[in-house]
2 protein chains.
Amino acid sequence: MSNNWHDEVLADVEAGVRINDRHIVDRIRQAVLMQRLPPGTRLPEVALGEIFGVSRSVVRKALTRLASDHVITQQPNQVARVSAPSIEETREIFAARRLIEGEVVALLAGKLDHDQCRTVASYIEAECQAHLDDDEAQRIEHSLAIHHYLADHSPNRTLGAMLSDLILCTSIVIALYKRAGLASCYLENDHAELLALLERSDAEGARHCVQTHLTALEALLDLRPQDKSIDLAAIFGKTG
Amino acid sequence: MSNNWHDEVLADVEAGVRINDRHIVDRIRQAVLMQRLPPGTRLPEVALGEIFGVSRSVVRKALTRLASDHVITQQPNQVARVSAPSIEETREIFAARRLIEGEVVALLAGKLDHDQCRTVASYIEAECQAHLDDDEAQRIEHSLAIHHYLADHSPNRTLGAMLSDLILCTSIVIALYKRAGLASCYLENDHAELLALLERSDAEGARHCVQTHLTALEALLDLRPQDKSIDLAAIFGKTG
DNA sequence: CTATTCGATTTTGTATACAATGAATGTCCA
DNA sequence: TGGACATTCATTGTATACAAAATCGAATAG
């Protein structure tokens with residue numbers, strides 16, 4: 001499972017790409033984003049150092065930054081792990097993202113020029129196509145591209161940076177709490193509708209559209225209490 | 001100027017307090033918050049290491065975290081400095097804080113119990129008293145205590161953490177852009193009014209109150225373009 | 001007098017060694 | 001059998017050494 005990721009990194013090293021802590025941060029963020037590093041994954045410093053071909057110093061710096069962004073969780077004298085937010089935190093993350101992404105798209109309404117709208121449109125198109133092809137990995141990648149594009153072009157860069165972090169956290173909790181039977185978290189038309197509202201300079205419409213979209217996304221998750229712990233008891237319980 | 005800060009740290013070391021990176025982060029955050037470390041201040045690693053009695057490793061970790069929170073600015077191979085946001089960034093910080101602190105107090109309306117309200121009331125009282133005493137340092141400390149208390153008690157902890165960072169950034173830009181003649185950024189009654197609205201469970205009233213408060217605070221700053229650079233030209237200009 | 005280049009110093013970047021802590025496993029005794 | 005304890009291994013915490021880069025100043029050429 002994590003072999004793919006490992007191999008890609010090795011390819012970089014062989015290609016003589018200069019690896020610094022920023023690179024490592026980006027790589028791990030990307031892997032978490034694409035759900036190739038599931039929540040709870042152990043991230044020992046020496047292992048990462050060997051994979052990226054650097055010493056622990058660089059890895060540690062990268063891990064510190066990732067911890068600040070809540071991508072990983074560090075406790076003293078314990079290995080870093082990909083964050084696994086609780087159900088309550090998950091709801092809070094969605095609420096925060098509704099507030100901030102809503103504001104960002106409201107600020108963005110009418111501010112994208114023709115070329116930028118076409119770029120977003122191409123992402124939406126690609127997402128739809130990937131969905132038709134049943135290529136979930138591709139679909140997630142294109143979906144994230146849309147939201148990251150909005151974050152990166154936020155007129156308010158402070159809010160844009162916050163949104164980037166929240167997109168990452170959202171991706172983590174989706175990987176954690178996605179309903180078992182659900183193949184994909186695809187919501188048809190939402191993105192296209194948002195783009196139309198942005199082009200029409202309808203700030204409040206765009207805000208509402210995004211907030212509805214995120215609420216629908218949250219509703220696709222299984223956020224009922226007691227989940228993981230009960231599994232073991234149910235499978236190996238005393239009745240067996 | 002920074003001797004005060006230096007001495008305090010030494011006192012800690014002598015008292016045998018265990019210094020780790022978190023301690024250093026808190027100390028520097030506090031110093032920035034209290035405007036004892038003005039924007040642009042150099043923060044060399046070895047100097048900090050000697051002051052806190054630790055090696056560069058620990059200092060570097062602390063600096064990395066501070067950079068993630070935008071408290072300091074790091075560029076490769078250059079000494080870290082206390083952040084000095086541009087005028088545009090300053091406006092964005094205030095806009096972001098209006099959005100987020102507004103939401104936090106709206107969520108908080110009616111949620112504080114009697115004791116918590118009394119705690120906030122005591123901070124407000126202390127701020128007012130410090131203002132009457134012309135003790136600006138104390139006034140800032142109590143004012144920050146109010147806002148940090150709200151951030152720490154936010155029902156949505158994600159938004160609360162974001163607000164904490166924004167309070168810090170706000171403190172930095174106030175130190176940077178405070179109008180020359182202005183002794184203090186004290187806005188009478190705003191905090192008391194906010195508390196009354198929170199007790200009355202008036203969420204939208206509280207949101208509006210905070211947003212107005214922050215807009216008034218921003219208006220006290222001198223955010224006209226061309227400031228620092230023109231000074232030099234005016235003073236040492238070719239006409240001299 | 002100004003601009004530029006060179007060198008010395010300061011400061012950060014990285015690797016590594018060693019200490020300290022934690023987790024896991026195995027052992028002993030009741 | 002079952003639990004307390006000790007040992008071992010894995011992993012992080014910290015300090016330090018050395019390399020690389022930037023900054024500052026002085027000397028020099030125009």
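Sequence lines set the chain letters: A, B, ... in the order given, protein chains first and strands last, and positions in each chain run from 1.
Computed from coordinates, the B:Gln74 CD to C:dT11 P distance equals 15 Å when rounded to whole Å. Taking atom CD1 of residue B:Ile24 and atom C1' of nucleotide D:dA15, one finds them 14 Å apart after rounding to whole Å. Put simply, CG on A:Leu63 is 11 Å from C1' on D:dT12, counting in whole angstrom units. Rounded to whole Å, the distance from CG on A:Asn20 to P on C:dG13 is 10 Å. Nucleotide C:dT11 holds its P atom 11 Å from the CZ atom of B:Arg81, rounded to whole Å. One atom, CD of A:Gln75, and another, P of D:dT11, lie 17 Å apart when rounded to the nearest Å. D:dT23 atom P lies 9 Å from atom CZ of B:Arg42, rounded to whole Å. Atom CG in A:Asp21 sits about 15 Å away from atom P in C:dT12, given to the nearest Å.
Here the nucleotide nearest the side chain of B:Asn77, chosen from D:dT11, C:dG13, C:dA17, is C:dG13. Minimum atom distance to the side chain of B:Gln78 is reached by D:dT23, of the listed D:dT23, D:dT12, D:dA15.
Under 4.0 angstrom from either OP1 or OP2 of C:dA15 there lies at least one side-chain N or O belonging to A:Ser55. Contact check, B:Arg60 against C:dT14: no side-chain N or O comes under 4.0 Å of OP1 or OP2.
Between A:Tyr149 and A:Tyr123, the two ring planes are perpendicular [angle over 60°; tilted spans 30° to 60°].
Of the charged side-chain nitrogens involved, none lies within less than 4.0 Å of a carboxylate oxygen, so that B:Arg157 and A:Glu92 do not count as a salt-bridged pair.
The residue among A:Ala80 and A:Ser57 whose nearest nucleotide of DNA chain D lies closer to the 5′ end is A:Ala80. The 5' end of DNA chain D is approached more closely, in terms of each residue's nearest nucleotide, by B:Lys61 than by the other of B:Arg56 and B:Lys61. If you find the closest nucleotide of DNA chain C to A:Val58 and to B:Pro44, the one lying nearer the 5' end belongs to B:Pro44.
The shortest heavy-atom contact between B:Ala96 and A:Thr158 is CB-CG2, 4.0 Å.
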Hey, can you pull the donor-acceptor pairs under 3.5 Å for the side chains in residues 67-76 of chain A, sequence neighbours left out?
from    : atom 1 : to      : atom 2 : distance (Å)
A:Ser68 : OG     : A:Thr64 : O      : 3.3
A:Asp69 : OD2    : A:Arg29 : NH1    : 3.0
A:Thr73 : OG1    : A:Ser83 : OG     : 3.0

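No option in B:His147, B:His213, B:Met162 other than B:His147 meets the side-chain contact (heavy atoms from CB on, under 4.5 Å) test with B:Glu101.
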